[in-house]
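Data first, discussion second: the structure below is written as structure tokens.
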Amino acid sequence: MANNNSYLTLITILSLLAVAAAGRFITTTSPSLSDVVNDGIHPLNPFYTSSLEECEQTYGFMPCTTTAFGNVFLIIVYGYLMYLAATYLSAGSELLLQILGPGLVGGLCLPALGALPDAMLILVSGLSGSTETAQDQVSVGMGLLAGSTVMLLTSIWGTCIVVGKCDLQNSVAQDNKDTKGFNLIGSGVSTDIWTSYSAMIMAVSVLPFIVVQFPQILHSTSGRHAAVLVALVLSVSLLIAYCLYQVYQPTLQKRHLDFAKHKHVRSRILKYLKKRALGRLVDSNGEPNREVLLKLFNSIDVNQDGSLSVPELRALVVGMQLYEINLNEDDAVTKVMKDFDTSENNEVEFDEFVTGVGRWLDEAKGFKKATSLAGPDSLKYVHDYYEETKKEHDLLGDQTHDDEDEEGVDDPRTTTIKAVLLLVLGTVIAAVFADPLVDAVDNFSTATGIPSFFISFIALPLATNSSEAVSAIIFATRKKQRSASLTFSELYGAVTMNNVLCLSVFLALVYVRGLTWDFSSEVLVILIVCVVMGVFASCRTTFPLWTSFLAFLLYPFSLALVYVLDYGYGWS
């Protein structure tokens, strides 16, 4: 697929170069339209031409036009090339991830490469020409930044809910089970707790927007340049912090998961003991019932000296068949032995057994006090403790021994070369065609009178984020909690990179070139969408189908809000 796209890209570029000729007007001394002689190339209808001036070719040879339809064609062509650049960057990133794994690559390289096309367009929008020209074209960059964020968190987010929905049972989506159709309450998507953390980080990443907007909030004309600098420093700091979090997050996730697994093993053993006990595990005083525990202890295959050794503990753990948590039996036995064996002789005596069980029961009582019952009956809170520890494990998203795990790379050297070539090709295409695309948007705006912001808000995100959006939607169709978690984490991560990386580029341009920051309505839209979706997604892990329609409605609301604020109240 990548090779076919490469050939198509080459053919498209050659076609553009082949038509890189511009006609010339033959005029008399009068510049009026009636005196213009038709050269057979440029129509005289004012609907088709917005200016009698010749267009300026990018790089001196790229095609250009002053007509509305001509610029629409160029926007489509250059937008498609930016889409190819994003596709190559995405494919190269995935190959690189297969070879080097997560950590530095997954945490630092992949998010940055995913935001590269947007960053390129923002960069060239503020570098072109004079300060006046840059001030005019920089609205293209802001439109792209706002449009990408809004599109990912509204239309793409909602679509992933629709295509990834499964039946909800006890407020949790059941993997690969979709029998309720478009039930607004009974079907939906569940994610792990780390996805909620990603949404929370996304909401925090809007802080630089608030800082840079302070002078406008205070209706002050002074200090705007300083506010841009402070926001730039904050944005870069958040970018570094986010990349570090992504690098160390897999290790942090593994530690949390190991702890949750051990807690689940303890709760399962308590449930097993309760079921086997000939009486209550605790007496009338709430203390461990030694008589009942002695019978349980003797029922286990203990040694001749009356102690419980590692083999007996292993038989106990294996007998509980904890397949649902991908348990490492050796690790589980070691941790259970450590909980009981206070004498550190690799054997558990009866007194140690009683003490250990009593400590676990106390933990179960305090784990969820709302469901604890007064008195000696331990059945209720032991059961609740087991259910809560299992839910906690599921929320952490255990990906160990997943049946979808990819196999190792057969030829690392060839794969590495292919990944590097795809990354280089994608970067070159994005760098070369970003400037012509911005020029085409600006020229179309001039020819039609439509503000460039709205063109870039609607059209450009389709080009730069299509690859990412399509892959997210396809992955969501797998209808599993793991795939849903990865899908929405990718969306939140992409928006976070927009808010820190792309915004850093934007603020650097504004500060270095001395441009005016006057994007109050655009910033408000970004804040509303990011905060609403970020807080909503960080407070829950299950999203019924009805939530997708709320996301869909945010898109037209955002566009209408910018229009009303800009043209109804004159914010810009």
Side-chain angles (χ1 to χ4, degrees), residues 89 93 103-127 134-135 138-149 152-153 197-217 223-249 423 427 430-431 434 464-465 468 489-520 522-524 526-527 529-531 534:
L89 289 170
S93 300
L104 183 62
V105 176
L108 182 59
C109 299
L110 300 191
L113 289 171
L116 185 60
D118 286 2
M120 287 284 187
L121 285 170
I122 291 172
L123 183 64
V124 300
S125 70
L127 288 178
Q135 184 67 55
V138 80
S139 61
V140 175
M142 176 52 73
L144 173 63
L145 184 59
S148 296
T149 296
L152 291 172
L153 292 180
Y197 295 159
S198 297
M200 192 181 304
I201 293 172
M202 178 190 70
V204 173
S205 68
V206 301
L207 286 176
F209 285 103
I210 300 176
V211 171
V212 75
Q213 201 65 27
F214 260 127
Q216 283 86 342
I217 295 175
R224 293 193 176 189
H225 202 55
V228 171
L229 179 59
V230 174
L232 174 59
V233 173
L234 178 59
S235 182
V236 172
S237 301
L238 289 176
L239 172 61
I240 296 173
Y242 179 69
C243 290
L244 290 176
Y245 169 78
Q246 289 293 90
V247 169
Y248 292 106
Q249 190 263 351
L423 292 175
T427 303
T464 59
N465 294 282
E468 191 173 45
S489 293
E490 180 183 351
L491 294 180
Y492 302 146
V495 174
T496 302
M497 292 304 291
N498 280 345
N499 292 343
V500 290
L501 176 60
C502 295
L503 180 61
S504 296
V505 174
F506 197 93
L507 291 172
L509 281 173
V510 172
Y511 183 78
V512 172
R513 300 216 61 182
L515 305 179
T516 301
W517 180 272
D518 191 17
F519 305 104
S520 298
E522 294 86 342
V523 169
L524 180 61
I526 293 175
L527 289 177
V529 174
C530 286
V531 171

Between [atom1] on residue [X] and [atom2] on residue [Y], distance to nearest 0.5 Å:
X    : Y    : atom1 : atom2 : result
L232 : Y511 : CG    : OH    : 9.0 Å
H225 : L515 : NE2   : CG    : 9.5 Å
I526 : S205 : CD1   : OG    : 10.0 Å
I217 : S520 : CD1   : OG    : 8.5 Å
Y242 : S198 : OH    : OG    : 6.0 Å

Minimum heavy-atom distance between [X] and [Y], given as atom pair plus value:
X    : Y    : answer
A494 : L152 : CB-CD1, 3.8 Å
P215 : G223 : CG-O, 3.9 Å
L527 : F209 : CD2-CB, 4.1 Å
G534 : A203 : CA-CB, 4.1 Å
L503 : P208 : CD2-CB, 3.6 Å

Heavy-atom side-chain contact between [X] and [Y] under 4.5 Å:
X    : Y    : answer
Y492 : I201 : no
Q213 : W517 : yes
V138 : F519 : yes

With M202, which of N498, V531, T496 fulfils side chain to side chain contact (heavy atoms under 4.5 Å, CB included)?
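So the option named by the test is T496.
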Testing L234, L501, L244, N499 for side chain to side chain contact (heavy atoms under 4.5 Å, CB included) with L239, which one passes?
L501
